[in-house]
Amino acid sequence: MTSVLNSKLRCKKFRKRILDLSQKVTALHIGGSFSSAEIMDLIYFSLMKKSERDSFILSKGHASILHYVILEYLKILKKKDLEMYCKPKGFLGVHPDIGTPGINASTGSLGHGLSMAAGMAIANLNSNKKTYVIISDGELQEGSTWEAIISIGALNLKNLVLFVDNNDLNSSEKMSDTHPNLYPIDKKFKSFGWDSKICDGHNLSKMLNAVNKRDKRKPFALVAKTKKGYPVKFMNNAIWHYRSPTKKEYAKALAEIERH
């Protein structure tokens, strides 16, 4: 119960920090960052083991601001680094770059992260090191993602744990409307030799239980059902893939986060 409460408080803190930063830039992919908060919190604070040097790749690199905020919380990045986000003299870009403290791969071109994660998993297959990955459901439109899924299953990379942020919204439309044959996503993974489950992507306990009870003889994919912009109701819309809130929208969003 304590870990769940701590996660909720951290995620509230992360969202408020992102909201504050949104007032300094015109766009920072706030919707997809908010939908991923509980997933990334789970990876960093419940799953990854520093002693075993586990790896994490944010394949949906457009949610980098969330990653940066978590790295700031962990004191891997400094407050001044985030204050310079997307500024000419800053080094933090819209998408993460290798070489930035705490970043293991340059991502943002959708469909590449899972293949890089597969390489890491192959390198560490005979050790206790695990590779954790977050992809967007929009990345399931990319052929390279499915090539990676097929290869990971064929190679039985059982040390790879994947989270699909299934908020059902890409940059302009609902995935279930434009690509209904992607569903059910979990059965697609299972057909390629993975273990896979579906659960609430904003519920730490359910996600942790699903990961802990996975078939550890296979790679694992958790299809995390999320909402874009969560818990801000008016941000559950494709437009929030890009834009930053106005001052009035900022105040409304902050109030919803505080109430949550």
Side-chain angles (χ1 to χ4, degrees), residues 27-40 43 56-67 93-97 105-121 131-155 157 160-202 207 219-230 235-243:
L28 76 175
H29 298 289
I30 194 168
S33 296
F34 278 16
S35 70
S36 303
E38 283 79 15
I39 301 171
M40 207 180 301
I43 292 170
F56 168 64
I57 290 183
L58 178 64
S59 187
K60 53 172 290 184
H62 52 278
S64 62
I65 190 63
L66 171 64
H67 200 182
V94 175
H95 298 136
D97 289 311
S106 298
T107 60
S109 182
L110 297 183
H112 292 180
L114 188 54
S115 293
M116 288 187 277
M120 291 180 179
T131 301
Y132 297 94
V133 197
I134 298 177
I135 69 171
S136 63
D137 48 7
E139 287 185 83
L140 296 177
Q141 294 174 262
E142 302 286 349
S144 55
T145 298
W146 289 104
E147 290 175 10
I149 291 168
I150 292 169
S151 296
I152 290 165
L155 294 169
L157 302 183
L160 190 148
V161 177
L162 168 67
F163 294 84
V164 180
D165 181 11
N166 185 204
N167 61 35
D168 195 32
L169 281 167
N170 58 27
S171 61
S172 61
E173 56 208 356
K174 287 180 70 70
M175 292 288 296
S176 54
D177 289 340
T178 60
H179 293 74
N181 56 345
L182 280 175
Y183 298 88
I185 298 172
D186 62 323
K187 290 185 179 179
K188 302 289 192 304
F189 278 98
K190 289 177 181 178
S191 70
F192 290 128
W194 294 56
D195 183 24
S196 184
K197 292 183 175 66
I198 301 175
C199 79
D200 182 348
H202 298 302
M207 287 194 292
F220 179 69
L222 181 66
V223 181
K225 305 292 289 184
T226 63
K227 294 180 180 179
K228 199 152 194 158
Y230 183 87
M235 286 187 177
N236 188 22
N237 185 294
I239 191 64
W240 294 101
H241 185 78
Y242 294 111
R243 60 171 292 216

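Between the side chain of Trp194 and the backbone N or O of Ile149, at least one donor-acceptor pair lies under 3.5 Å. Listed for the Ser136 side chain is a donor-acceptor partner under 3.5 Å among the backbone atoms of Glu139. Side-chain atoms of Thr226 never come within 3.5 Å of backbone atoms of Gly201 as a donor-acceptor pair (strictly under, hydrogens ignored). Within the 3.5 Å criterion, the main-chain N or O of Lys190 finds no donor-acceptor partner in the side chain of Ser196. Formation of a donor-acceptor pair under 3.5 Å by the Lys60 side chain with backbone atoms of Ser36 is not found in this model. Side chain of Ser191 to backbone of Lys188: a donor-acceptor contact under 3.5 angstrom is found.
A pairwise comparison of heavy atoms in Ser33 and Leu66 identifies O-CD2, 3.3 Å as the closest pair. Across all non-hydrogen atoms, the minimal contact from Leu222 to Cys199 is CD1-SG, 3.8 Å. Scanning both residues, Lys225 and Asn166, for their nearest heavy atoms gives NZ-OD1, 3.0 Å. Heavy-atom minimum distance, Leu140 versus Trp146: O-NE1, 2.8 Å. Annotation for Leu114 and Leu160: closest pair CD1-CD2, 4.3 Å, computed over non-hydrogen atoms. The two residues Glu38 and Tyr230 have their closest heavy-atom pair at OE2-CE2, 4.1 Å.
Using a 4.5 Å heavy-atom threshold, the side chains of Asn170 and His241 count as separate. Looking only at side-chain heavy atoms (C-beta outward), Ile39 and Asp165 come within less than 4.5 Å of each other. Residues Leu169 and Lys174 have side chains in contact (heavy-atom distance under 4.5 Å, counting atoms from C-beta outward). Side-chain atoms of Tyr183 and Val223, non-hydrogen and from C-beta on, never get closer than 4.5 Å to each other. At least one side-chain heavy atom of Met40 sits less than 4.5 Å from a side-chain heavy atom of Ile134. The shortest side-chain heavy-atom distance between Ile152 and Phe189 does not fall under the 4.5 Å cut-off. Counting heavy atoms from C-beta on, the side chains of Leu110 and Ile135 never come closer than 4.5 Å. Counting heavy atoms from C-beta outward, Lys197 and Phe220 have side chains that approach closer than 4.5 Å.
Summarising the geometry, atom CG belonging to Asp177 is positioned 10.5 Å from atom CE belonging to Met175; distances are rounded to the nearest 0.5 Å. From Ile57, atom CD1 reaches atom CE of Met116 across 5.5 Å, with rounding to the nearest 0.5 Å. With rounding to the nearest 0.5 angstrom, the CG atom of Asp186 is 10.0 Å from the CG atom of Asp195. Taken to the nearest 0.5 Å, the CZ atom of Phe34 stands 11.5 Å off from the NE2 atom of His202. Here OG1 of Thr178 is found 4.5 Å from CD of Glu173. Values are rounded to the nearest 0.5 Å. In this structure, CD1 on Ile65 lies 9.5 Å from CD1 on Ile30, to the nearest 0.5 angstrom.
A 6.0 Å sphere centred on NZ of Lys227 holds no more than 12 heavy atoms belonging to other residues, nucleotides or ligands.
Proximity of the aromatic rings of His62 and His95 is defined here by a centroid distance below 6.0 angstrom, and this criterion is not met.
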